[in-house]
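Beneath this line is the structure, given in structure tokens, with notes to follow.
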Number of protein chains: 2
Amino acid sequence: MEDMRDPLHPPVESLDLATILAALSDPTRLAILVRIADSAGEVRCGGFGDMGTKSNLSYHLAKMREAGLVNTRNEGTSRYMSLRRDDLERLFPGLLDQLIASARSTVKSDVTLPDDAGVGASN
Amino acid sequence: MEDMRDPLHPPVESLDLATILAALSDPTRLAILVRIADSAGEVRCGGFGDMGTKSNLSYHLAKMREAGLVNTRNEGTSRYMSLRRDDLERLFPGLLDQLIASARSTVKSDVTLPDDAGVGASN
DNA sequence: TCATTTGTTCAAAACCTATTGAACAAATGA
DNA sequence: TCATTTGTTCAATAGGTTTTGAACAAATGA
């Protein structure tokens with residue numbers, strides 16, 4: 001079986017609440033959470049471009065991934081983020097949806113996106 | 001009216017989710033949350049004596065108080081902590097109970113307390 | 001092959017967090 | 001008054017977080 005461990009995503013058993021809450025104790029990452037939750041399943045990393053610089057976003061997304069909040073999938077030169085709904089629901093039933101609901105009421109998602117949103121250029 | 005602002009407790013309007021989650025992104029503070037939730041309303045600060053040193057506990061409790069999670073009440077030389085249930089419910093309906101439920105499933109509250117629990121000596 | 005697109009990694013800087021023991025302060029009770 | 005109890009504050013230390021721009025790497029497409 002050649003060691004099938006995923007180096008990017010921690011296994012469900014090793015997720016812990018304090019780390020998950022730390023990953024969400026930041027306005028940018030709460031906004032990221034809401035944006036993924038509002039999407040049709042996944043959001044390309046570039047889709048967060050309005051929230052900061054490339055490298056800072058990469059940092060925030062890594063934090064959420066290491067906490068076990070999000071999954072990543074690569075396609076071409078792009079990377080797509082989705083929520084680890086099933087894993088989180090198994091471990092902390094109800095938590096994720098409650099956090100999303102609370103975050104939605106807080107986060108200023110008043111970013112009227114331009115027509116070419118999600119295709120725009122980099123930093 | 002002479003300025004009736006409470007210097008210890010932030011007003012409801014100024015509470016924010018990121019700060020609340022930061023206040024709970026620590027195992028000790030999650031355990032404190034559960035202990036207060038499991039109590040009959042309030043817990044004397046000394047009741048957390050098994051979780052660390054006096055001054056470290058004072059630090060953790062201040063963090064929770066400044067985030068708007070707990071209220072304090074003084075009586076003699078003691079201070080009692082309770083949850084700010086109503087304020088939190090108004091701002092983030094359902095959140096506190098969900099966090100408590102998730103924390104309860106995590107926190108090792110396997111501290112079989114001695115007979116004189118809560119009256120024991122200091123650090 | 002070579003430039004482009006997308007995102008990561010690195011090093012540095014500025015700042016924040018957790019922990020400790022000692023000193024301090026306030027209420028209490030002898 | 002004076003010692004005790006309870007908890008806070010202070011200074012110091014060790015380590016973690018966030019942010020930036022530059023360098024890098026991998027896939028793609030001309």
**Message:** Students often get this wrong, so: under 4.0 angstrom with heavy atoms, is B:S78 touching a base, only sugar-phosphate, or nothing?
**Reply:** sugar-phosphate
**Fill in**
note: A:M81, atom CE; C:dG7, atom C1'; distance rounded to Å ~ 11 Å
**Distance test, side-chain N/O of B:R79 to OP1/OP2 of D:dT8, below 4.0 Å** = yes
**Prompt:** Is the backbone N or O of B:C45 less than 3.5 Å from a side-chain atom of B:R79, with the two atoms forming a donor-acceptor pair by type?
**Reply:** no
**Involving DNA chain C, stems made of at least three consecutive Watson-Crick or G-U pairs, both distances under 3.5 Å** = C:1-30 with D:1-30
**Item:** For atom CD1 of B:I32 and atom C1' of D:dG7, their distance in whole Å
**Value:** 14 Å
**Prompt:** Within the pair A:R44 and C:dG7, is there a side-chain N or O less than 4.0 Å away from OP1 or OP2?
**Reply:** yes
**Prompt:** Is the number of heavy atoms from other residues, nucleotides or ligands under 6.0 Å of B:D6 CG greater than 12?
**Reply:** yes
**Message:** Can you measure A:L57 atom CG to D:dT18 atom C1' for me and round it to whole angstrom units?
**Reply:** 13 Å
**Prompt:** Less than 4.5 Å apart, any side-chain heavy atom of A:N56 and any of A:F48?
**Reply:** no
**Asked** In a check of side-chain contact (heavy atoms from CB on, under 4.5 Å) between B:L24 and each of A:L24, A:I20, A:L21, which one passes?
**Response** A:L21
**Distance, nearest 0.5 Å, that separates CZ of A:R44 from OG of A:S39** = 13.0 Å
**Between B:T19 and B:D16: side-chain donor-acceptor atoms closer than 3.5 Å** = yes
**Message:** Rounded to whole Å, please give me the gap between CZ in A:F48 and C1' in C:dT8.
**Reply:** 16 Å
**Asked** In whole angstroms, how far is the P atom of D:dT19 from the NZ atom of A:K54?
**Response** 17 Å
**Request:** Could you tell me whether A:R35 and A:D38 have a side-chain N and a carboxylate O separated by less than 4.0 Å?
**Result:** no
**Request:** Verify, without hydrogens or angle tests, whether A:E66 (side chain) and A:H9 (backbone) share a donor-acceptor contact under 3.5 angstrom.
**Result:** no
**Fill in**
Letter by letter from the 5' end, nucleotides 14-21 of chain C scores (B base, S sugar-phosphate only, - none; protein heavy atoms under 4.0 Å) ---SBBBB
**Request:** Check whether any side-chain nitrogen or oxygen of B:S58 sits under 4.0 Å from OP1 or OP2 of D:dT8, and answer yes or no.
**Result:** yes
**Prompt:** Atom CD of B:E66 and atom P of D:dT8: how far apart are they, to the nearest Å?
**Reply:** 11 Å
**Request:** Determine, step by step, whether B:T106 and B:V34 satisfy the side chain to side chain contact (heavy atoms under 4.5 Å, CB included) criterion, reporting the C-alpha distance in whole Å, the side-chain angles of both residues, the deciding distance to 0.1 Å, and the verdict.
**Result:** CA-CA 10 Å; B:T106 296; B:V34 169; over 6 Å; no
